[in-house]
Amino acid sequence: MTLSTPFRHVWLPGLLVAASLVGSTVAQQIPQPVGQPPYRVAQTPPQPAQPVSVATQPLVHPLDPAVRWARDGLVNVQKIQDYSATLVKRERINGKLGEHQYVFLKVRHKPFSVYMYFLGPEELKGREVLYVEGQNDGKMWAHGTGMEKALGTLSLAPDGLIAMRGQRYPLTEIGILNLVRRLVEVAENDMAFGECDVKFFKGAEINKRQCTCIQVVHPVPRRNFLFHVARIFVDDELNLPLRYEAHDWPEEPGGPPELMEEYTYVNLKMNVGFTDADFDVRNPNYNF
C-alpha cells in the first residue's frame with residue numbers, strides 16, 4: 001500500500017464498552033476486549049474523491065489548510081464539558097513497539113480530570129488511574145493488578161519514573177483537547193520549513209463514523225521534523241480527531257515506515273454530565 005492510498009478503517013466486532021459506571025461495578029459494566037486492534041485497513045479501499053494535494057498551491061504552505069482545521073477543532077473541543085470514550089493506543093518505547101492497550105476514559109475539562117480503567121491487555125486489565133488538577137499535590141492515584149495490587153493505591157507524579165513506565169506521555173497530556181493542541185503546535189513549527197506534502201482523503205471510517213484522513217509526509221529526515229508520515233482521522237460531523245498515527249523513517253532505504261505511536265478514540269460520548277464523584281477515589285464503583 002503506497003502512501004497515497006485512501007484509507008477506510010473498519011470496526012472488528014467484539015470490543016463493546018459501556019459508556020458509564022453508574023449502579024454497577026467497573027468490571028460488570030465494561031466487557032473485555034478481544035485482544036486485537038478495533039480496526040483494520042480494508043484490502044479493497046472505497047472510491048472516495050481523488051486526494052487533493054495542497055503542496056503545489058502557490059504562496060501557501062502545504063500545512064496551512066490542516067492548521068486552519070486544527071484551530072477550528074480546538075474551538076469545538078473547548079466547548080465540550082466532558083466525555084467518555086475508549087482509547088486504543090499503541091506506542092514504541094525505547095525502540096520496541098508495544099501491544100495495543102485498551103482504556104476506558106472519563107475526561108472532564110474544568111478542572112481537568114481523568115479517570116482510566118484498563119481493559120487490556122490481560123496483564124493490565126483492572127488497573128485504575130485517577131487525576132484531578134489541583135488535588136493530591138498534583139499527583140495521580142493509581143493501583144495496579146497482579147503482584148502490583150498488593151501495593152494498594154499509590155500517589156504518583158504523572159511524569160515520574162513509575163508513572164511513565166511503558167508510556168510515551170504523562171497522564172496530564174491525555175485526551176482529545178490535548179491532542180488537538182499538540183497537532184497545532186507541531187504543525188505551526190513545521191510551517192517554518194518546506195519539504196512537506198499534505199493530502200486529504202475522504203471516505204475514511206473509524207468505528208462506522210465517517211471521517212476525512214489528513215496525511216502529512218516529510219520525505220527527507222530532518223532534525224526539525226518529529227515524524228516521517230502522520231495521519232489524522234477527523235470525524236466529518238463532529239470536526240474532531242478520532243485517530244492519530246505517526247511513523248518514523250525506515251531504518252533501511254526502501255523499507256516501510258516504522259510506527260511510533262497511534263491513538264484511536266471510539267465510543268465517544270460528549271457532555272455526559274460527570275460530577276465530582278466520577279473523579280473521586282472514594283467512588284464505590286472504583287477499586288482504589
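Residue pairs meeting the side chain to side chain donor-acceptor pair (under 3.5 Å) criterion with at least one partner in residues 151-165, sequence neighbours excluded, are N136-S155, E148-R165.
A heavy-atom distance below 4.5 Å is found between the side chains of Y244 and E261. The shortest side-chain heavy-atom distance between D197 and K199 falls under the 4.5 Å cut-off. The side-chain heavy atoms of V234 and N239, taken from C-beta on, include a pair separated by under 4.5 Å. Within the 4.5 Å cutoff, no side-chain heavy atoms of Y169 are placed close to those of K89. Between M260 and F227 there is a side-chain heavy-atom pair separated by less than 4.5 Å. Residues E195 and H218 fail the side-chain proximity criterion, which asks for heavy atoms closer than 4.5 Å.
Not counting sequence neighbours, the partners of W249 by the ring pair (Phe, Tyr, Trp, His ring centres under 6.0 Å) test are H228.
Residues L242 and D235 come closest through the heavy atom pair CD1-OD2, 3.5 Å.
Look at E173 and R168 and you find no salt bridge, because none of the NZ, NE, NH1 or NH2 atoms lies under 4.0 Å from a carboxylate O.
Between L105 and the choices N267, T86, I174, the side-chain contact (heavy atoms from CB on, under 4.5 Å) rule is met once, by I174. Considering V114, T275, D276 in turn, D276 is the only one that fulfils the side-chain contact (heavy atoms from CB on, under 4.5 Å) rule with R108.
Below 30°, between 30° and 60°, or above 60°: for F288 and Y286 the angle between ring planes is above 60°, a perpendicular geometry.
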Problem - R282/D280 under salt bridge (Lys or Arg N to Asp or Glu O under 4.0 Å): CA gap, chis, key distance, verdict - result: CA-CA 5 Å; R282 295 166 296 185; D280 192 330; 2.9 Å; yes
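Between F274 and Y115, the ring center distance fails the sub-6.0 Å criterion.
The neighbour count for E123 CD, taken as heavy atoms of other residues, nucleotides or ligands under 6.0 Å away, is above 12.
Under the 4.5 Å side-chain heavy-atom criterion for Ile, Leu, Val, Met, Phe, Trp and Tyr, L259 and Y265 are members of distinct hydrophobic clusters.
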